[in-house]
*Asks:* 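Take this structure first; my questions come after.
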Amino acid sequence: MLDIHLIREETQRVRDAMQSRGVTVDLDSILQRDIERRRILVEVEGLKKQRNEVSRKFGRIKAEGGDVESMREDVRRIGERIAGLDAQLREVEKVLSELLLQVPNIPHASVPVGKDSSANQVVRSWGEMRDFPFDPLPHWKLGERLGLLDFPRAAKMSGTGFVIFKGPGARLERALINFMLDVHVREHGYEEVSPPFLTNAAAMTGTGQLPKMAEDMYRVVDEDLYLVPTAEVPLTNIYRDEVIAGELPIRLVAYTPCFRREAGAAGRETRGLIRVHQFDKVELVKFVEPEHSYEELESLVAEAEDILRRLGLPYRVVELCTGDLSFAAAKCYDIELWSPGHKGWLEVSSCSNFEDFQARRARIRFRRGGHAQLVHTLNGSGVALARLVVAILENYQQADGSVVIPDVLRAYMDGMERIEPVI
RNA sequence: GGAGGGGUGGCUGAGCGGACGAAAGCGCCGGUCUUGAAAACCGGAGUCCGGCAAACCCGGACCGCGGGUUCGAAUCCCGCCCCCUCCGCCA
């Protein structure tokens, strides 16, 4: 959420920012409600002041045994006007906050301006794309031959867009989760967290999933809970409505499954593991002092990259342009892995600085010089599974149909060095 | 799920219709003392919103959340949420 003062005082700047994102936001309507809100507020507060004064006098006179009946009716009438104005005020505030919740964050000055992903900029690449002496297979064929993935049976119980990992496939999944958690905890200074996988609407609103992304989430109607689309939600909401007592920065890492309806994605490039309704992810979240958030964004990306380097997977880092930036982000880098089977790039991480946008929504603050102020929040995938498995299977496939297991994972798989075809 | 108890400032915790934004302690900030620190002593400080260009100025709101009673609610009533204890159920 943007600061209403900013919208009020630097309207043109906000307007330009929205235009650079390619979104239309009714700022005039917001400004109008803001004026109306303050108009009512001034009036009702004046009346409350009157009421407070009279009530105090009332108590004093009554205590002294004086006549109080003549005042009673006057104060009651003031009370009625207050009630009417308060109702108006609530209505205006409700509309205003609904409008404000729909305004996306302002892109950082360094973000390239552009209208869609074609204007994103590759900032660096790492690793060599392997030159295959044979025609590399796509991951779903490898998964089938090696007996790692079972889509038909997953569809039987859960519908399309779900997968069963089995045998070494399930083992690989678990090995990757453990490997990534270990690196981030032992070497990058993160604290490990295992949060709830369902959260309420307030939490979803705090991080910005609601109201915009409602149709992309699974909802448990009876309990009014949502399945988390990313661990960003439970991790960031740990400090919702709090003034953080300890030292910043706070760095948290968690593994969670992620649930996404992906409504409207049918028919796109969705075969196999590329776009599934449930996938695993190791997520990194930071709470930092405002002046350090951009250095923390750079280290966040580096920490995610570190995972991919250790796995020996070629990747590139892409800086998103204004038009491709997600709702709450001020700046964002995607990390993409090369997929030889698809001959394309797969996004496995998205690292964003939200500045104080989420902190304002979720009221996450810290204390400085005795005063509470908003923190900056960041998060990034460190990294997302499913697609990572795609990249490993495809990049490490051999001419004989087997897949070599990356060195760093072998300790997590009882020393297994390769997965052999079963059919 | 049932019964009982409880939710007060950064924390602990008093207050249970009017002078309460709220005692006290801890913690925090500033000062005195000290070579420095600690201790001791003195002083200060809640959050949000609004008035305004701004304020150490003024006003309003905030004692889990929402509603009600009242001239007036942290205090009384109702609903909800959360925590604790016991019982039930259960991986």
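The sequence lines fix the lettering, A, B, ..., with proteins before strands; numbering per chain opens at 1. Note that the coordinates shown come from a computational prediction; the quantities given were computed from them, not determined experimentally.
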*Asks:* When the P atoms of B:C62 and B:A19 are compared, how many Å lie between them, rounded to an integer?
*Replies:*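 It comes out at 14 Å once rounded to the nearest Å.
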
*Asks:* Name the pairing partner of B:G21, where a pair is Watson-Crick or G-U wobble with both distances under 3.5 Å, or state none.
*Replies:*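 Across any shown strand, B:G21 pairs with none.
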
*Asks:* Between A:Tyr190 and A:His184, how do the two ring planes meet: parallel, tilted or perpendicular, split at 30° and 60°?
*Replies:* perpendicular

*Asks:* For B:C80 and B:C86, measure between their P atoms and round to the nearest Å.
*Replies:*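 25 Å, rounded to whole Å.
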
*Asks:* Quick one: is B:G50 close enough that its OP1 or OP2 comes under 4.0 Å of any side-chain N or O from A:Arg8?
*Replies:* yes

*Asks:* To the nearest angstrom, how far is A:Arg51 atom CZ from B:A73 atom C1'?
*Replies:* 11 Å

*Asks:* Which base, if any, makes a Watson-Crick or G-U wobble pair with B:C62, both distances under 3.5 Å?
*Replies:*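 Paired with B:G46.
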
*Asks:* Give me the distance, rounded to whole Å, that separates B:G44 from B:A55 when you measure between the P atoms they each carry.
*Replies:* 23 Å

*Asks:* Please confirm whether the shortest side-chain N or O distance from A:His5 to OP1 or OP2 of B:C52 is below 4.0 Å.
*Replies:*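 Result: no.
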
*Asks:* If you assign each of A:Arg76 and A:Glu53 to its closest nucleotide in RNA chain B, which residue comes earlier from the 5' end?
*Replies:*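 Counting from the 5' end, the first nearest nucleotide belongs to A:Glu53.
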
*Asks:* Reckon A:Asp74 touches a base, only the sugar-phosphate, or nothing at all at heavy-atom distances under 4.0 Å?
*Replies:*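 The answer is nothing, as A:Asp74 stays clear of every strand by at least 4.0 Å.
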
*Asks:* Of the nucleotides B:A61, B:C71, B:G50, which one has an atom closest to the side chain of A:Arg38?
*Replies:* B:G50

*Asks:* Give me the distance, rounded to whole Å, that separates B:G21 from B:C63 when you measure between the C1' atoms they each carry.
*Replies:*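 The answer is 9 Å between these two C1' atoms.
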
*Asks:* State the pairing partner of B:A53; accept Watson-Crick or G-U wobble contacts with both distances under 3.5 Å, and report none otherwise.
*Replies:* none

*Asks:* Under 4.5 Å between any side-chain heavy atoms of A:Phe366 and A:Glu289, yes or no?
*Replies:* yes

*Asks:* Given the C1' atoms of B:A38 and B:C48, what is the spacing between them in whole Å?
*Replies:*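 Straight-line distance between the two C1' atoms is 38 Å.
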
*Asks:* In whole angstrom, give the distance that lies between atom CD1 of A:Ile40 and atom C1' of B:G59.
*Replies:* 17 Å

*Asks:* Tell me the interatomic distance from A:Arg39, atom CZ, to B:G60, atom C1', rounded to whole angstroms.
*Replies:* 17 Å

*Asks:* Reckon A:Arg365 touches a base, only the sugar-phosphate, or nothing at all at heavy-atom distances under 4.0 Å?
*Replies:*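 Sugar-phosphate contact only.
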
*Asks:* Partner of B:A3 by Watson-Crick or G-U wobble geometry, both contacts under 3.5 Å, or none?
*Replies:* B:U85

*Asks:* Between A:Glu336 and A:Tyr315, is there a side-chain donor-acceptor contact under 3.5 Å, judged purely by atom types and distance?
*Replies:*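 Checked: A:Tyr315/A:Glu336 side chains show no N/O donor-acceptor pair below 3.5 Å.
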
*Asks:* Using atom C1' in both nucleotides, what's the gap between B:G13 and B:G17 to the nearest angstrom?
*Replies:*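 To the nearest whole Å, 22 Å.
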
*Asks:* Report yes if a side-chain nitrogen or oxygen of A:Arg37 is closer than 4.0 Å to either non-bridging phosphate oxygen (OP1 or OP2) of B:G50; otherwise report no.
*Replies:* yes

*Asks:* Got a salt bridge between A:Glu319 and A:Lys331, using NZ or NE/NH1/NH2 to carboxylate O under 4.0 Å?
*Replies:*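 Here A:Glu319 pairs with A:Lys331 in a salt bridge, since their nearest N and O are under 4.0 Å apart.
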
*Asks:* Sort out the partner of B:A38 for me: Watson-Crick or G-U wobble, both distances under 3.5 Å, none otherwise.
*Replies:*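 Partner of B:A38: none found under 3.5 Å.
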
*Asks:* Would you kindly give the CD-to-P distance between A:Glu242 and B:G9, to the nearest whole Å?
*Replies:*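 In whole Å, B:G9 P and A:Glu242 CD are 13 Å from each other.
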
*Asks:* Rounding to an integer number of Å, can you tell me how far A:Asp86 CG sits from B:G67 C1'?
*Replies:* 13 Å

*Asks:* Have a look at A:Arg72 and say if it touches a base, only the backbone sugar-phosphate, or nothing, with a 4.0 Å heavy-atom cut-off.
*Replies:* base

*Asks:* Would you measure the distance from the C1' atom in B:G67 across to the matching atom in B:G5 and give it in whole Å?
*Replies:*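 These two C1' atoms come out 24 Å apart once rounded.
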
*Asks:* Quick one: are the ring centres of A:Tyr239 and A:Phe287 less than 6.0 Å apart?
*Replies:* yes

*Asks:* Who does B:G72 pair with, Watson-Crick or G-U, both distances under 3.5 Å?
*Replies:* none

*Asks:* Determine whether a donor-acceptor pair (one donor, one acceptor, N or O, separation below 3.5 Å) exists between the side chain of A:Glu45 and the base of B:G50.
*Replies:* no

*Asks:* Quick check on RNA chain B: between A:Leu41 and A:Met71, whose nearest nucleotide comes earlier from the 5' end?
*Replies:* A:Leu41

*Asks:* With a 4.0 Å cut-off on heavy atoms, is A:Arg360 in touch with a base, just the backbone sugar-phosphate, or nothing at all?
*Replies:*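 No contact.
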
*Asks:* Is the ring centre of A:His108 less than 6.0 Å from the ring centre of A:Tyr294?
*Replies:* yes

*Asks:* Quantified in whole Å, what is the C1' atom distance between nucleotide B:G27 and nucleotide B:G18?
*Replies:*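 My reading of the C1' atoms in B:G27 and B:G18 gives 33 Å.
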
*Asks:* Does a side-chain N or O from A:Asn52 land closer than 4.0 Å to OP1 or OP2 of B:G59, or not?
*Replies:*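 It does not, given that no N or O in the side chain of A:Asn52 lies less than 4.0 Å from OP1 or OP2 of B:G59.
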
*Asks:* Do A:Phe259 and A:Phe197 have ring centres separated by under 6.0 Å?
*Replies:* no

*Asks:* For A:Glu36 and B:C49, what is the distance between atoms CD and P respectively, to the nearest whole Å?
*Replies:* 20 Å

*Asks:* Touch check for A:Lys57, heavy atoms < 4.0 angstrom, all strands: base, sugar-phosphate only, or nothing?
*Replies:*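 Contact class for A:Lys57: none.
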
*Asks:* Students often get this wrong, so: under 4.0 angstrom with heavy atoms, is A:Val54 touching a base, only sugar-phosphate, or nothing?
*Replies:* nothing

*Asks:* Could you state the CG-P distance from A:Asp241 to B:C62, rounded to the nearest angstrom?
*Replies:* 18 Å

*Asks:* Taking NZ from A:Lys49 and C1' from B:G51, how many angstroms apart are they, rounded to a whole number?
*Replies:*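 Computing the A:Lys49:NZ to B:G51:C1' distance gives 11 Å.
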
*Asks:* Please work out if A:Arg56 contacts a base, only the sugar-phosphate, or nothing of the nucleic acid, heavy-atom cut-off 4.0 Å.
*Replies:*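 A:Arg56: no heavy atom of the nucleic acid under 4.0 Å.
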
*Asks:* If we count only N and O atoms by modelled type, under 3.5 Å, do the side chains of A:Gln12 and A:Asp16 hold a donor and an acceptor together?
*Replies:*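 Indeed, the side chains of A:Gln12 and A:Asp16 share at least one donor-acceptor pair under 3.5 Å.
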
